[in-house]
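Throughout, a chain's letter reflects where its sequence line sits, starting with A, and its residues are numbered from 1. Just so we're clear, the structure is a prediction, and the values are computed from it rather than from any experiment.
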Amino acid sequence: MNIVVLVKPALDTSNLRTAANKIMVEDTPLKISDIDRNAAEEAIRIKEKMKGGKTIAVMVSKYPPTPKRGGEAENLAREVLAMGIDEAILVIDDGLIGTDQTATAKAITEVVRKKVGQFDLVIGGEATIDGYSSQVPARIAAELGIPIITYVREISQVGSDSVVVKRDLEDEVQVVKSKLPAVITVTREINTPRIPPLLQIRMAMKKPLSKVSLGDLGLQVERRARTTDLKPLQIQRKKVLIESGTVDEKADKLIQYLSQEGVVTPR
Amino acid sequence: MRVIGVFATPSTLEVMGLAQKLGGDALVFILNGGDEAAERAGRYGAGRVVLVDCGAMCDPAALYDAVAGELSGLTHLVFPATKDGKTIAGYVAGKLGVPNLVDVVDVLAPNKFSKYSMGSRGAEEVEVDGPVALVVQPKRFQPAEKPSKPAVERRRAAPIVELTGREEKAKGSLKIEDAELIVSVGRGFKKQEDLKLAMELAEVLGAQVGCSRPIAADLKWLSEDHWVGLSGHKVRPKMYMAIGISGQPQHIAGMLESRIVVAVNTDKNAPIFQYADYGVVEDLYKFIPVLKEKLRKALGK
Ligand SMILES: Cc1cc2nc3c(=O)[nH]c(=O)nc-3n(C[C@H](O)[C@H](O)[C@H](O)COP(=O)(O)OP(=O)(O)OC[C@H]3O[C@@H](n4cnc5c(N)ncnc54)[C@H](O)[C@@H]3O)c2cc1C
Ligand SMILES: Nc1ncnc2c1ncn2[C@@H]1O[C@H](COP(=O)(O)O)[C@@H](O)[C@H]1O
């Protein structure tokens, strides 16, 4: 079984760099979008169970400056390779900077068609930490003309031509059966991603990692959405730390502050 | 004339508020809804209603095939920001090749919108050329009553995937969004029984109990109506007290607008202290019982 895993080199939203009330995208570090590790883990487990086939991570670099991001994304690719993914394909091109999910989905679709070939499953995360749109995998399914099943919390059965999964929705859990190939997205609760041992990290250096451009994919992207402003949402906090004294003293202090703020009114 | 396509279920029809705000005519696709929902769409000014019978589940691919002929020429497509709504939005926008904006909070011009960004840690303004798919919280733009007499037709969209079972989720009556005071619990609690500590404190304060994602989604110690954060509920109480919560950006995204934030954590370097007005560095197991007793006395309860 061949499984494509979608791994976004995402902006680390716990480390957003800001200046003059702007988010400085170029200075913010990248990390693997958290839930894409769950996607990678699930792909590796399925491959282990099915005893055969391969797992391919596809990553699309979206942020400037391209030269620096290339190296950063490559390091992130090594992380999923170390987990046990067999091969990584990184799409990196100045033409992708400032594009929306339309371009991301088209780039991934073309990688699947032109570089992967035969595949059974595409697994992505329920949402990214920086985009948080939950749009890219459904768009890929639309481009490829195959089913999309989102918010999968458990893959109950995988056969050579079908899957049975549990979808975790707001009010209910649905058990859904689909033909393969299909695109699925997993939730954070589906598994606990493995942390690779040192030996595997070294071995990952030898696994295939390729970089492709939009030209290599024969793709021209249109730009029909432009960001005109990007501000951090910040609220100034007092950051008073109550750390010394006994438990009793700390409680008294907190109650004192809370009554000053009018949150509680002691009699 | 601008024609706006709206996709909604009977329980998310309020997204029509955004169609009203954009102005123009609304073509409303109601998924698994009946005459009553069509009538309600009419009250919100629908020009035309298509009742789509999706069968056991709304499969985006089947839905698209059933309505594809109606979608060309629409200037905007509106979807509710539910899990199914987002999936359908992605699929339909993908098929049409139009950009999609998720978590739209305001309309600045018919082609310019503001939205949450960076996992709700940023605010973004985006300008689009041509048609666009907009995903919004159903209650973000409340629709006004402006009755119309829409033509109503019916379609079927039989799913290509098969629903073989469903389990209802436990649901309380809590509306955490409306709470004035919130005592919120995280992984710092070691056992489900220990949540009692927070519940007793909440009772003394007259507060509601909130929680981080792992408490609701992983451990299922509380039902999902308690879940605060990016993927949970957004709250803005007078006071938010985070107990044993580390303060990851996805949690902060849900409580950023609280008036006063209190944090209790053993780890002095926990990120939550950067988002708190008052931070107590202490073991919750020691601190919360003492705080509760002192408050009980102070408040005369
Ligand atoms: C796309 C996405 C969406 C997400 N959505 C949400 C969301 O909506 N809401 C949400 O909450 N999370 C969400 N998460 C998960 C989020 O990233 C964090 O993993 C989660 O918030 C951590 O929960 P926590 O703080 O309870 O646990 P932890 O991070 O494990 O923190 C536990 C804290 O308790 C402290 N502690 C331990 N023992 C004690 C003690 N005895 N006394 C006091 N303190 C103690 C520790 O120091 C630590 O800081 C999302 C993640 C992703 C990727
Ligand atoms: N730039 C990208 N490169 C690779 N995969 C991506 C990218 N963007 C999104 N994805 C995949 O799509 C999922 C949902 O992303 P989003 O639509 O941004 O919320 C992610 O969890 C990834 O699996």
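- Atom CZ of A/R17 has more than 12 heavy atoms from other residues, nucleotides or ligands within 6.0 Å.
- With a 4.5 Å cut-off on non-hydrogen atoms, A/L11 touches chain B through its side chain but not through its backbone.
- By the 6.0 Å contact criterion, NZ on B/K234 is enclosed, its count of non-hydrogen atoms from other residues, nucleotides or ligands being greater than 12.
- Residue A/Q260 qualifies as enclosed at atom CD: its count of foreign heavy atoms under 6.0 Å is above 12.
- The two atoms that bring B/E282 and A/V247 nearest to each other are OE1-CG2, 3.4 Å, heavy atoms only.
- The candidate from B/A61, B/A133, B/A93 with the greatest count of non-hydrogen atom pairs under 4.5 Å with chain A is B/A93.
- With a 4.5 Å cut-off on non-hydrogen atoms, B/V132 does not touch chain A at all.
- Two residues are said to be in side-chain contact when any heavy atoms from C-beta on lie closer than 4.5 Å; A/L233 and B/Y116 meet this criterion.
- The contact between B/I160 and chain A is made entirely by side chain atoms (from C-beta outward), counting heavy-atom distances below 4.5 Å.
- With a 4.5 angstrom heavy-atom cutoff, B/K297 does not touch chain A via any of its atoms.
- For B/A276, the part sitting under 4.5 Å from any heavy atom of chain A is the backbone (N, CA, C, O) and nothing else.
- With chain A as the partner, the residue from B/A56, B/S120, B/G130, B/G97 showing the most heavy-atom pairs under 4.5 Å is B/G97.
- Nearest heavy-atom pair, B/T164 versus A/V176, reported as atom, atom and distance to 0.1 Å: OG1-N, 4.5 Å.
- Of the inter-residue distances, the one linking B/Q274 atom CD with A/S14 atom OG reads 12.0 Å to the nearest 0.5 angstrom.
- Only the side chain of B/L205 comes within contact range of chain A, with at least one heavy atom under 4.5 Å from a heavy atom of that chain.
- With chain A as partner, the option from B/D283, B/V128, B/D129, B/L181 having the largest number of non-hydrogen pairs under 4.5 angstrom is B/D129.
- Looking at B/S114, there are no atoms closer than 4.5 Å to chain A (heavy atoms on both sides), in backbone or side chain.
- Taking A/T18, A/L258, A/D252, A/V264 one by one and counting their heavy-atom pairs under 4.5 Å with chain B, the maximum is reached by A/D252.
- Counting heavy-atom pairs closer than 4.5 Å to chain A, the top residue among B/G119, B/A253, B/P159 is B/G119.
- For chain B, the nearby parts of A/I129 are the backbone and the side chain; heavy atoms of each come within less than 4.5 Å.
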Evaluation steps, salt bridge (charged side-chain N to carboxylate O under 4.0 Å, His left out), between B/K83 and A/E170: CA-CA 7 Å; B/K83 291 180 179 177; A/E170 288 90 346; 5.5 Å; no

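- If you check the side chains of A/T228 and B/E127, you find no donor sitting under 3.5 Å from an acceptor.
- One finds the CG atom of B/D103 at 8.0 Å from the OH atom of A/Y132 (value rounded to the nearest 0.5 Å).
- Per-residue heavy-atom pair counts under 4.5 Å with chain A were compared for B/E293, B/R121, B/E168, and the maximum is reached by B/R121.
- If you measure heavy-atom distances from A/A141 to chain B, the contacts under 4.5 Å come from both the backbone and the side chain.
- For the residue pair A/E261 / B/Y278, a side-chain donor-acceptor distance below 3.5 Å is found, with atom types taken as modelled.
- With contacts defined as side-chain heavy-atom distances shorter than 4.5 Å, the pair A/T28/B/M118 does not qualify.
- Contact count against chain B (heavy-atom pairs under 4.5 Å) is highest for A/D130 among A/D130, A/T102, A/D34.
- Side-chain contact between B/N100 and A/R139 is present, with at least one heavy-atom pair separated by less than 4.5 Å.
- Here the CD1 atom belonging to A/I255 is positioned 6.5 Å from the NZ atom belonging to B/K294, to the nearest 0.5 angstrom.
- Residue contact with chain A, scored on non-hydrogen atoms closer than 4.5 Å, is absent for B/E180.
- Within the model, atoms OG of A/S133 and NZ of B/K86 stand 8.0 Å from one another, a figure rounded to the nearest 0.5 Å.
- The choice from A/K179, A/Q234, A/R188 that makes the most heavy-atom pairs within less than 4.5 Å of chain B is A/R188.
- Of the listed residues (A/E222, A/E172, A/E126, A/K253), the one with the most heavy-atom contacts under 4.5 Å to chain B is A/E172.
- Between A/K239 and B/D277 the shortest side-chain heavy-atom distance does not fall below 4.5 Å.
- Using a 4.5 Å cut-off between heavy atoms, B/E167 touches chain A through backbone and side chain atoms alike.
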Give the C-alpha distance, both sets of side-chain angles, the deciding distance and a yes or no for side-chain contact (heavy atoms from CB on, under 4.5 Å) between B/V126 and A/R226. CA-CA 5 Å; B/V126 186; A/R226 281 173 309 282; 5.7 Å; no

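- Closest heavy-atom contact between A/L169 and B/K169: O-NZ, 2.7 Å.
- If you measure heavy-atom distances from B/M239 to chain A, the contacts under 4.5 Å come from the side chain alone.
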Please list, one pair per line, the donor and acceptor atoms closer than 3.5 Å that link side chains of residues 153-160 of chain A to other protein atoms, with sequence neighbours excluded.
{"residue": "A/R153", "atom": "NH1", "partner": "A/D168", "partner atom": "OD2", "Å": "3.0"}
{"residue": "A/R153", "atom": "NH1", "partner": "B/A217", "partner atom": "O", "Å": "3.1"}
{"residue": "A/R153", "atom": "NH2", "partner": "B/A217", "partner atom": "O", "Å": "2.7"}
{"residue": "A/E154", "atom": "OE2", "partner": "A/S156", "partner atom": "OG", "Å": "3.4"}

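- Looking at A/L241, both its backbone and its side chain come within 4.5 Å of chain B, counting heavy atoms on both sides.
- Ranked by non-hydrogen atom pairs under 4.5 Å with chain B, the options A/K238, A/R237, A/R167 are led by A/R237.
- Looking at A/D100, the atoms closer than 4.5 Å to chain B (heavy atoms on both sides) all sit in the side chain, from C-beta outward.
- Only the side chain of A/K166 comes within contact range of chain B, with at least one heavy atom under 4.5 Å from a heavy atom of that chain.
- Within the 4.5 Å cutoff, the side chain of A/Y151 has heavy atoms near those of the B/T87 side chain.
- Only the backbone of A/T265 comes within contact range of chain B, judged by heavy atoms closer than 4.5 Å.
- Under the 4.5 Å side-chain criterion, counting only non-hydrogen atoms from C-beta, A/E189 is in contact with B/R213.
- For chain A, no part of B/Y64 is nearby; none of its heavy atoms comes within less than 4.5 Å.
- Your options are B/G94, B/G165, B/A170, B/S117, and the one with the most heavy-atom pairs under 4.5 Å with chain A is B/G165.
- When side chains are defined from C-beta on, A/K177 does not count as touching B/V161, because their heavy atoms never get closer than 4.5 Å.
- Within the 4.5 Å cutoff, side-chain heavy atoms of A/Q135 are placed close to those of B/V102.
- Across every non-hydrogen atom of A/G145 and B/K95, the tightest pair is CA-NZ, 4.3 Å.
- For B/V281, the parts lying near chain A are the backbone and the side chain together; criterion is any non-hydrogen pair under 4.5 Å.
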Decide yes or no on side-chain contact (heavy atoms from CB on, under 4.5 Å) for B/F287 and A/L254, but give the supporting numbers first. CA-CA 11 Å; B/F287 184 71; A/L254 180 61; 3.9 Å; yes

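- With a threshold of 4.5 angstrom between heavy atoms, A/L230 approaches chain B through its backbone and through its side chain.
- At a 4.5 Å heavy-atom cutoff, the contact between B/P60 and chain A is made by side-chain atoms alone.
- Contacts between B/K220 and chain A at a heavy-atom distance below 4.5 Å involve the side chain alone, from C-beta outward.
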